[in-house]
Amino acid sequence: MIGDHRLLRCSCSHRFLPTITAITALLSLLLSGCAALPSMIKPPLEDEGEVFVYLQPFPVDAERLRFTVEHLSAVGRDGREFPLALSLEELSRGAVRRQRLFASGRLPPGQYTGLSTTVKQALLTGEKGEAALLTPEGPVKMDFSFEVQQKRAVVLALSLKYAESVQSGFRFSPVFSLSIPSRPLSGLTGYATNRNDDNIMVFDKKSGEVAAVIPTGRGPEAIVLDQKAGRAYVSLSGENEIDVIDVASGSIINSMHLNANDEPHDLALTPDGRVLLVVNTYSRTLSIIDTRALVELGRIPLGEGPRSVLTDSFGKRAYVFNELSNTITVIDIANRATVVTLSTDNGPTQGQFNRKGDKLYVIFEKNPYLSVIDPSSLSIVRKVFVGPGLSSIKVDTVTDMLYVNRNPEAVVEMYDPFTLIPGAYIQAVSGIVYMTIDGVENSLYLVSPETGMLMTINLISKKASTIIDAGENPTWVTMMGER
């Protein structure tokens, strides 16, 4: 089910650029072999809308079929065709055992009558091997009426009808059915941000399929969910802005502008949903925002290179991990003041609390030790050698098990909470930058910008259950029932 392979591509996949001068940032990008970030990010939608075409899993009887498409276009009501960018060209059941992103593109607003595609080659495997099938000389039309609205996106689900596509055993003319997916039930909804594509993908946790796409401004980074209020908050690094999404309608209902050059990245929401904490990477500050009035209550100076923020289970304190200054800024949220700045080993990037909240685990991407901090005394009580390169961490607050990943390895390591020794290794995907747990489905979610994938791993079987095509540069995932 999860056997497809994808070419890895160069991507500036770190969730947070270090807080340094623009010249240093540009040099770092060039030295890493990545293109400069602005050239990778599409401009946000203005006068256009957007369409995403997803292929549904091919039927079992299509096992012997393989075909290549040359183009896919949206057909306007006046007959004009608007080409879409293909994400897949060679189609087979091996490549489409799960839902796959087939094509996408920006279109003028208006009514469309369907899609058009041209088949370049089709092959059918028989007793003597593959044999070429006769294909249509011209484009194949797929009739389906849909509307594209300004600054909005529409998702089309494309299902192959194999029996109707292969005719007389030697002719192939693809027959597809088209539909617009229905939104998943509220409790089954998940969201993933995509920095380069300027959107948020809405997916069904149960089926592991994309149901909708929400266009945003430039550079959506983190997204946090207030499950009781039915709202999501998204940081837009390219807009210096926080957007508010209504979960029920899937639309942006409000926005808050921050200071110029703040570059908001990481977010955290207090358990009562009343306070949103925003790490502003470039200005090296933490914004404390009242979510009801959507106003900034205070702003706290941070250290160099702030990477992430974490709150305790009571919503009293926040911890910001400053990678370049080797510190953790501890903040009293109610009083909007710094409690203390803790010195740490080289390069703290992320932290997680255990179930009781009496242990704070801190990882360092450039240091081979994991630190355990006592939040009451704010002292380091334990250091454990884990090896260098830890890039992400998630603690299961039901079992207290630690899940960690180190780049570039495509493995998630499971650490026993008592011995802090790895007891199991889960095959995953490379380039993981963020992990979280769905408490309802008991699944670990992994975000990989390097592969453009969102992977889920069942915590009972320790095996991958779904993979979702998440776009060019996914950065974050959240869902109803997250723990």
Side-chain angles (χ1 to χ4, degrees), residues 1-9 52-69 72 84 86-104 115 117 119-126 129-130 133 142 155-166 172 174-179 181-182 184 188 190 192 201-211 213 410 412 426-432 438 441 443-448 450-458 460-472 474 477:
M1 179 179 178
I2 314 295
D4 56 291
H5 300 279
R6 298 183 59 175
L7 292 175
L8 304 185
R9 55 180 174 270
F52 294 85
V53 183
Y54 280 85
L55 282 168
Q56 297 305 101
F58 275 12
V60 176
D61 55 2
E63 188 72 52
R64 299 184 299 126
L65 176 66
R66 179 166 62 94
F67 63 100
T68 304
V69 297
L72 185 73
L84 304 176
L86 288 172
S87 298
L88 287 176
E89 295 181 6
E90 185 172 294
L91 308 180
S92 66
R93 186 163 188 270
V96 197
R97 291 184 183 272
R98 60 179 176 87
Q99 187 192 58
R100 300 298 306 273
L101 176 61
F102 185 27
S104 61
L115 303 176
T117 188
V119 178
K120 182 178 180 180
Q121 182 187 45
L123 300 168
L124 191 67
T125 301
E130 283 188 328
L133 300 176
M142 293 167 270
V155 171
L156 300 178
L158 199 61
S159 300
L160 175 69
K161 296 184 176 181
Y162 173 78
E164 298 175 35
S165 300
V166 179
F172 175 73
V175 178
F176 290 96
S177 64
L178 273 163
S179 63
S182 58
L188 297 177
M201 180 184 70
V202 183
F203 61 91
D204 187 319
K205 297 190 302 179
K206 200 74 174 179
S207 66
E209 295 184 349
V210 176
V213 173
V412 173
I426 303 172
Q427 190 64 38
V429 64
S430 62
I432 299 168
D438 173 20
E441 299 295 324
S443 296
L444 178 69
Y445 277 76
L446 315 173
V447 180
S448 169
E450 187 177 273
T451 62
M453 291 179 179
L454 179 64
M455 174 182 278
T456 65
I457 293 175
N458 184 282
I460 302 300
S461 67
K462 307 297 186 296
K463 294 181 180 179
S465 53
T466 60
I467 289 179
I468 303 174
D469 288 348
E472 190 68 26
V477 64

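Heavy atoms only: backbone and side chains are in, while hydrogens, waters and symmetry mates are out.
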(request) Decide yes or no on side-chain contact (heavy atoms from CB on, under 4.5 Å) for Phe58 and Leu91, but give the supporting numbers first. (result) CA-CA 9 Å; Phe58 275 12; Leu91 308 180; 4.0 Å; yes
(request) Under the salt bridge (charged side-chain N to carboxylate O under 4.0 Å, His left out) rule, collect the residues that match up with Lys161, sequence neighbours excluded. (result)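 None.
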Could you pull out all residues at least two apart from [X] that satisfy ring pair (Phe, Tyr, Trp, His ring centres under 6.0 Å)?
X      : value
Phe52  : none
Phe67  : Phe172
Tyr445 : Phe203

Evaluate the side-chain proximity of [Y] to [X]: yes if any heavy-atom separation is below 4.5 Å, no if none is.
X      : Y      : answer
Thr117 : Met142 : yes
Leu72  : Val53  : yes
Thr456 : Leu444 : no
Arg98  : Ile467 : yes
Leu160 : Val175 : no

(message) Looking at every heavy atom in both Pro181 and Val210, which two are closest together, and how far apart are they?
(response)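 In terms of heavy atoms, the two residues are closest at CG-O, 4.1 Å.
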(message) For Asp469 versus Tyr54, what's the shortest heavy-atom pair and its separation?
(response)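 Looking at all heavy atoms of both residues, the closest pair is O-OH, 3.7 Å.
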Please name all residues satisfying side-chain contact (heavy atoms from CB on, under 4.5 Å) with [X], sequence neighbours left out, ordered by chain then number.
X      : answer
Ala428 : Val412, Ile432, Leu446, Met455, Ile457
Lys120 : Thr68, Glu70
Ser461 : Asn458, Lys463
Ser92  : Arg66, Ala95

Applying side chain to side chain donor-acceptor pair (under 3.5 Å), can you list everything that pairs with [X], at least two apart in sequence or on another chain?
X      : result
Asp438 : Lys205
Gln56  : Gln99, Glu209
Ser165 : none
Ser443 : none

(message) Please determine whether side-chain contact (heavy atoms from CB on, under 4.5 Å) holds for the pair Leu101 and Leu88, giving the CA-CA distance in whole Å, both sets of side-chain angles, and the decisive distance to 0.1 Å.
(response) CA-CA 7 Å; Leu101 176 61; Leu88 287 176; over 6 Å; no
(message) Any carboxylate oxygen within less than 4.0 angstrom of a Lys/Arg side-chain nitrogen, looking at Asp61 and Arg93?
(response)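 No, no charged N to carboxylate O under 4.0 Å.
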(request) Go through the steps for Leu123 and Arg64 under the test side-chain contact (heavy atoms from CB on, under 4.5 Å), then give the verdict. (result) CA-CA 8 Å; Leu123 300 168; Arg64 299 184 299 126; over 6 Å; no
